[in-house]
Amino acid sequence: MYAPPGVKVNPNMAVPEKMRAWVLGDPGKLQFTEKTVPVPKRAEVLVRIDAVAICATDLEVIAHGPPALVQGGLPFNKNWTPGHEYMGTVAALGPGVDEFAIGDRVTVEIHAGCGQCKRCRMGMYTSCLNYGLNYGELDKGHRANGFTTDGGFCEYAVNNINTLIHIADSMSDEEATLVVTAGTAMYGLTELGGLIAGESVVVIGPGPIGLLGVAVAKALGGSPVILTGTREARLKKGLELGADHVVNATKEDAVEAVRRLNGGKGVDYVIECSGAPNAVNEAGRMLNRGGKICLAAFPHEPVAVDVAHLVRNNIYVYGIRGEGKSATHRAEAFMREKRFDATKIHTHTFALEELPEALRYARDRVEDAIKVVVKTR
Ligand SMILES: [Zn+2]
Ligand SMILES: [Zn+2]
């Protein structure tokens with residue numbers, strides 16, 4: 001059985017030597033294979049993965065490569081496992097770890113920064129200056145699960161303790177996979193300077209981050225919280241998650257609707273989660289003067305932006321990368337308190353061996369899929 005030197009194990013939770021794992025071959029080609037269970041080093045634990053949610057970025061990485069960066073390059077044919085929104089149970093402890101015990105249920109955030117660069121020291125570990133430098137001579141200790149190191153479409157993964165969040169017993173495995181998504185929305189709002197209760201918020205784009213952005217903004221006291229989008233079913237979810245108003249942009253002008261719904265002056269914050277080419281310009285016109293835009297999505301091509309409008313109106317624009325500053329811990333606290341029900345965005349569940357079908361559901365939004373979760377057990 002699994003008993004590497006220096007690693008603490010527990011007979012009540014025996015770990016096998018080998019595990020089932022998906023690995024990425026050529027672009028778009030996944031193989032279900034067997035891999036050796038990895039070994040945690042100092043400040044790391046081995047997590048038995050119990051559930052993993054599929055994210056649009058997984059689809060991107062599997063089909064095209066970036067933003068994954070494995071051994072300094074594209075992630076193809078490197079025996080590499082994608083997947084980054086997972087949760088599980090602590091199964092073994094690396095040397096010196098006493099923050100977690102074997103058997104603890106945890107959810108896992110993606111980025112463990114190097115811990116030694118300027119940005120990591122500021123808590124901005126998702127913007128680590130040593131991103132991807134975790135191989136060979138360049139081992140700075142940076143890890144990003146499912147991007148620069150092995151991810152969660154398998155049975156076991158090694159994680160730095162900084163990336164682990166204890167979860168409440170009342171939280172299901174499926175719900176726990178959504179903590180990172182809620183944490184991303186929360187990080188965005190933190191980076192804007194913190195949403196003050198009673199301030200007005202628009203969320204553009206009812207994808208998973210947008211929908212949980214609505215939930216988080218409402219839980220933080222945003223008023224009103226307005227969701228704009230193009231699909232009626234998604235907008236309905238937004239109402240269930242706490243939106244005060246929804247605007248279907250295929251039926252009315254979203255900018256006009258937002259201004260009307262908030263007394264004509266525009267709102268204090270826009271969280272842009274659509275990546276639509278004109279979204280920054282629309283966001284700028286939904287805001288009041290001095291308002292702030294949080295960019296949590298982006299178009300694939302460079303776009304024209306009316307900078308004069310932004311400058312003349314003192315509008316702040318923030319690019320947001322991932323889930324920094326321990327926002328996931330705050331998201332878990334909100335979810336533990338049932339301040340919002342993230343499970344409303346979980347629509348489908350598949351077994352690990354059905355991953356290709358699960359990816360298809362997520363990609364093609366089969367049966368209105370939002371968050372598709374893969375269970376390993
Ligand atoms: Zn993701
Ligand atoms: Zn760093």
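In this text, all values refer to a predicted model and were calculated from it rather than measured experimentally.
- A donor-acceptor distance shorter than 3.5 angstrom exists from the side chain of T126 to the backbone of R321, with no hydrogens or angles considered.
- Listed for the D253 side chain is a donor-acceptor partner under 3.5 Å among the backbone atoms of V255.
- The shortest non-hydrogen separation linking V247 to I226 is CG2-CG2, 4.0 Å.
- In summary, D368 and R234 do not engage in a salt bridge, as defined by a charged side-chain N under 4.0 Å from a carboxylate O.
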(Q) Is there a salt bridge (Lys or Arg N to Asp or Glu O under 4.0 Å) between K292 and D268? Walk through the geometry before answering. (A) CA-CA 6 Å; K292 297 179 178 180; D268 300 312; over 6 Å; no
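- Remark: R339 is positioned above the aromatic ring of F334, its terminal NZ or CZ atom under 6.0 angstrom from the ring centre and at most 45 degrees off the axis.
- With hydrogens and angles disregarded, no donor-acceptor distance shorter than 3.5 Å links the side chain of N160 to the backbone of E44.
- Here the shortest heavy-atom pairing between A176 and M87 reads CB-CG, 3.8 Å.
- Within the structure, the ring-ring contact (aromatic ring centres under 6.0 Å, His included) test picks out no pair touching residues 34-71 (sequence neighbours left out).
- For the residue pair D26/N77, the side-chain donor-acceptor check at 3.5 Å is satisfied.
- E332 places a side-chain heavy atom less than 4.5 Å from the side chain of M171.
- For the pair N281 (side chain) and A304 (backbone), a donor-acceptor distance under 3.5 Å is present.
- Considering only heavy atoms from C-beta on, F100 comes within 4.5 Å of H166 through its side chain.
- Side chain to side chain, T230 and N248 fail the donor-acceptor criterion of an N or O pair below 3.5 Å.
- Inter-residue side-chain proximity for E232 and K237 is flagged as unmet; no heavy-atom pair is nearer than 4.5 Å.
- Defined by atom type and a distance below 3.5 Å, a donor-acceptor pair is present between the side-chain atoms of T190 and R330.
- At least one donor-acceptor pair closer than 3.5 Å links the side chain of R259 to the backbone N or O of R285.
- In summary, K325 and E191 engage in a salt bridge, as defined by a charged side-chain N under 4.0 Å from a carboxylate O.
- Judged by distance alone, the side chain of T89 and the main-chain N or O of D104 form no donor-acceptor pair under 3.5 Å.
- For the pair V61/F147, a side-chain contact is recorded, criterion being any heavy-atom separation below 4.5 Å from C-beta on.
- Ring orientation note: the planes of Y316 and Y318 are tilted relative to one another, at an angle of 30° to 60°.
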Q) Where do R105 and D173 land on the salt bridge (Lys or Arg N to Asp or Glu O under 4.0 Å) test, with the steps shown first? A) CA-CA 9 Å; R105 289 176 75 233; D173 291 355; 2.9 Å; yes
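- Counted by atom type alone, K35 and T81 present one or more donor-acceptor pairs between their side chains at under 3.5 Å.
- Remark: side-chain polar atoms of R289 are paired, donor with acceptor, to backbone N or O of R312 under 3.5 angstrom.
- Between R260 and E256, none of the side-chain N atoms (NZ, or NE/NH1/NH2) sits under 4.0 Å from a carboxylate O, so this pair counts as no salt bridge.
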Q: Begin from the C-alpha positions of Y156 and Y2 and carry the test ring pair (Phe, Tyr, Trp, His ring centres under 6.0 Å) through to its verdict.
A: CA-CA 12 Å; Y156 290 89; Y2 180 92; 7.4 Å; no
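- In terms of heavy-atom proximity, P75 sits nearest to V70 at CB-CG2, 3.8 Å.
- Looking only at distances, a side-chain donor or acceptor of K78 sits under 3.5 Å from a matching main-chain atom of L74.
- Side-chain atoms of E175 and H346 form no donor-acceptor pair, as typed in the model, at a separation below 3.5 Å.
- For the pair V45/V47, a side-chain contact is recorded, criterion being any heavy-atom separation below 4.5 Å from C-beta on.
- Counting heavy atoms from C-beta outward, H111 and Y131 have side chains that approach closer than 4.5 Å.
- Taking each heavy atom of A91 and M13 in turn, the nearest pair found is CB-CE, 3.7 Å.
- Of all the heavy atoms in K18 and T36, the pair that sits closest is NZ-OG1, 3.2 Å.
- At a cut-off of 3.5 Å, with distance as the only test, a side-chain donor of E109 or T328 sits close to an acceptor on the other residue.
- Judged by distance alone, the side chains of N159 and Y86 do bring a donor and an acceptor atom under 3.5 Å apart.
- V180 and V108 make their closest contact through CG2-O, 3.2 Å (heavy atoms, listed as atom of the first residue, atom of the second, distance).
- With contacts defined as side-chain heavy-atom distances shorter than 4.5 Å, the pair I49/C154 qualifies.
- With respect to the salt-bridge test (charged N to carboxylate O, under 4.0 angstrom), the residues E155 and R20 qualify.
- For the pair T149 (side chain) and R143 (backbone), a donor-acceptor distance under 3.5 Å is absent.
- Between the SG atom in C117 and the CG atom in N130 there is a gap of 5.5 Å [rounded to 0.5 Å].
- The shortest distance between side-chain heavy atoms of E354 and V374 does not fall below 4.5 Å.
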